[in-house]
Amino acid sequence: MEVDRASRPIDPGILARLQARLDELGGISEEPGRLTRWFQSDAMRRVNQRMIEWGTAAGLVPTVDAIGNVRLRRDSAVVPTPGVPRPLLVLGSHLDTVRDAGRFDGPLGVLTALACVEQLQAWGKVPPFDVEVVGFADEEGLRFQTAYLGSAFYIGQFQEAWLGLRGEEGVTLREVLSHEGGVAESVLAAQRTPDGLIGYLEVHIEQGPHLESVDRAVGVVSAIAAQTRARLLFTGRADHAGTTSMELRRDALCAAAECILAVEAKARSVDGMRATVGQIAVEPSASNVVPATVTLSLDIRHAVDAVLAAAVEQLKLETARLAAVRGIGLRWEILQEGTAVPMDEHLSAVLRSGVERVQRDVPVLVSGAGHDAAVMARVCPVAMLFVRCRGGVSHHPDEFASPTDIAAGLSVLADAVCRLADGDVAVSGKGIR
Ligand SMILES: [Zn+2]
C-alpha cells in the first residue's frame with residue numbers, strides 16, 4: 001500500500017536548520033543594530049554566499065545571475081526530449097529588505113523553498129521536473145524606489161529605462177551594474193525568460209492580521225490586489241487668519257479634510273477595499289495663514305480591477321464636488337495604476353489540499369501588498385501561501401512567525417510539490433492544468 005506522503009512528518013532537523021538560517025540571515029545587515037539589505041549591497045552578497053553554501057551542501061547547483069538573484073537548481077532525473085525544455089518549477093521569494101526590517105518578510109519564502117527541496121530529498125522524492133529555489137535580489141525597491149528589479153530580470157523583463165534610476169546616495173542603477181569593469185547594457189542582454197517554466201510557488205508572511213484573527217497558521221492567496229496611487233492638488237487662497245472672515249475664505253485644507261473623509265467612507269462602503277491618505281503637504285503652513293494649497297497622497301486597492309476603477313471614478317466626482325462647493329481648485333494626478341493579479345486556480349487548489357492536512361479549514365485571502373509572484377504571473381501560473389504573523393506586524397523588527405506556523409507552511413509547500421511530482425495535476429511545458 002502506498003504510504004500517504006503528506007502524513008509523513010517534516011524532518012525536525014530540516015525545520016531546526018530553517019529556523020537557524022532565518023536567524024542567521026536576520027543578522028546580515030548593511031546597518032549596525034538593525035536589519036537593512038538593499039539591492040547590490042555587501043549584505044546581499046553575503047546572504048547570497050550563505051545561500052550558495054547551503055544549496056551546495058544540499059546537492060543543488062548554485063548560480064548568482066547578473067542582477068544578483070541567487071538560484072539553486074535541482075535537475076530532474078528525467079532525460080530531456082531533444083529540442084524540448086525540461087519543465088521547471090520555481091520556488092522562492094526575495095532576500096532584500098526594507099530599512100529596519102523584520103527577519104521573515106522575504107527570507108522566510110526563500111528558506112522554506114530550500115527546506116522543501118531538502119525534505120523532498122530526504123523522502124527520496126525525485127520530481128519529473130527541475131526545481132529552482134530563487135532568492136530575488138530586489139523586491140522592496142529600497143535603493144531605487146522601484147520594486148521587483150530581481151524578478152523582472154528573472155523573467156527577462158528588466159527595462160533599459162531603469163538604468164537611469166538614481167538612488168538616495170546619488171548613484172545610478174547603471175553605475176551600480178557597471179561595477180568591476182562590466183557594462184550595464186551587457187547585464188541586460190543576459191536576461192531571458194527561463195525555459196520550460198511551469199509554475200511559481202511563494203511562501204510569505206501575511207503582513208496583515210487576518211490569519212491571527214481566525215486562529216489559523218496558514219492561508220491561500222486568491223489574488224494580489226490592484227493598486228492605484230494618485231496625488232490630489234487643492235488650490236485655494238492664502239489669507240490673513242485674523243482679518244479674513246470665515247465666509248470669504250478659500251481654505252484648501254478644509255476642502256482636503258472633507259475629501260480625506262470621503263476617501264475613507266468610500267473604502268468602508270466597498271467590501272475588501274482599502275484606501276489611505278498617508279501624506280499631506282500644506283502651503284504656506286503657517287499658524288496664522290489660511291492654507292493656500294494642499295497636496296494629498298492617495299493609495300487605493302481592491303482585488304477586482306473594475307471595482308477599483310469604479311471607486312476611483314466616483315471619488316474623482318465626489319472630491320471635485322466637495323472642492324467646488326468651497327471654491328477650491330482640484331487636480332488629480334494618477335501616479336500608478338496596477339492591475340490585480342489573480343493566482344492560478346490549479347496551483348492554488350494544490351496548496352489548498354495541503355492546507356487541509358495541517359488545519360481544519362483553508363482561509364482564502366487577498367494580498368493587499370505586492371509580491372514577486374505578481375511579476376512571475378506574467379510568464380507562468382503562480383500561487384502563494386501566507387503564514388500567520390504576530391499582530392499582523394511587518395516591515396518592522398517585531399515581525400514574527402512562530403516555528404509551528406513555519407512548520408505548517410513548509411509542510412504545505414512540500415506536500416504541494418509532491419502532488420505536482422505525482423501528477424495529481426497535469427504538468428506540461430505550457431504550465432499546470
Ligand atoms: Zn516581501
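Note that ligands are numbered from 1 as they come in the structure, with each ligand's atoms numbered from 1 the same way.
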Side chain to side chain donor-acceptor pair (under 3.5 Å) involving Ser151 - partner list, sequence neighbours excluded: Asp372
- prompt: Which N, O or S atoms belonging to the protein are less than 2.8 Å from the Zn ion (ligand 1)?
  reply: His94 NE2, Asp105 OD1, His204 NE2
query: Judged by atom type as modelled, is there a donor-acceptor pair below 3.5 Å linking the side chain of Glu175 to the main-chain atoms of Thr172?
result: yes
Side-chain donor/acceptor pairs under 3.5 Å, residues 266-276, sequence neighbours excluded:
unit_1, atom_1, unit_2, atom_2, d
Lys266, NZ, Gln314, OE1, 2.5
Ser269, OG, Lys266, O, 2.7

Donor-acceptor pairs under 3.5 Å, side chain of residues 333-343 to any protein atom, not counting sequence neighbours: which ones?
unit_1, atom_1, unit_2, atom_2, d
Glu333, OE1, Arg231, NH1, 2.9
Glu333, OE2, Arg331, NH1, 3.1

statement: Between the CG atom in Leu188 and the CD1 atom in Ile67, the distance rounded to the nearest 0.5 Å is 7.0 Å
- prompt: Will you find, in the side chains of Gln40 and Arg143, an N or O donor that is under 3.5 Å from an N or O acceptor?
  reply: no
